[in-house]
Amino acid sequence: MNPTSETLKLRPSLKAEAQRLAREDGVSLNEFINTAVAEKLSALETETYFRTRSARGSREAFLAVLDSAGDEPPIEGDRIS
């Protein structure tokens, strides 16, 4: 990995809170910000994945899968009371 430098402008209150949480977590502010950005990117990519995936689905295909599941009663312990 070849890190790059970038100027980051944070509101003072946001920076202070990030510093506090980084200290509590035992990491540098830089590591804390890197992790926070990675988590945000992951969340956005996950949302995009599921939106794309759901667009390919159909109610008919879903119902067909349910119909093929059978109609046996649930086994002991699987029933919701």
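What you see below is based on every heavy atom in this structure, not just the backbone, and it leaves out hydrogens, waters and symmetry mates. Because the structure is predicted, anything quoted here is derived from the model rather than measured.
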To the closest 0.5 Å, what do you measure between NZ (Lys15) and CG (Leu8)? 9.5 Å
Considering residues at least two apart in sequence or located in another chain, which fulfil the side-chain contact (heavy atoms from CB on, under 4.5 Å) criterion with Glu47? Leu44, Arg51
Does any N or O in the side chain of Asn34 come within less than 3.5 Å of the main-chain N or O of Asn30, such that one atom is a donor and the other an acceptor? yes
To the nearest 0.5 Å, what is the distance between CZ on Arg23 and CG on Asp25? 12.0 Å
To the nearest 0.5 Å, atom OG1 of Thr46 lies from atom CG of Leu41 at 10.5 Å
Ser42 side chain to Ala38 backbone, donor-acceptor under 3.5 Å: no
Connected hydrophobic set around Phe50, excluding itself, where side chains approach under 4.5 Å: Tyr49
Heavy-atom pair with the smallest gap, counting every atom of Ser28 and Ala22: O-CB, 3.9 Å
Pairwise distance CD(Glu45) to OG1(Thr52) - rounded to 0.5 angstrom: 9.5 Å
Taking a hydrophobic cluster as the set of Ile, Leu, Val, Met, Phe, Trp and Tyr residues connected by side-chain heavy atoms closer than 4.5 Å, whether directly or through intermediates, do Leu29 and Val37 fall within one such cluster? yes
Supply the atom-to-atom distance Gln19 CD to Leu10 CG, rounded to the nearest 0.5 angstrom. 9.0 Å
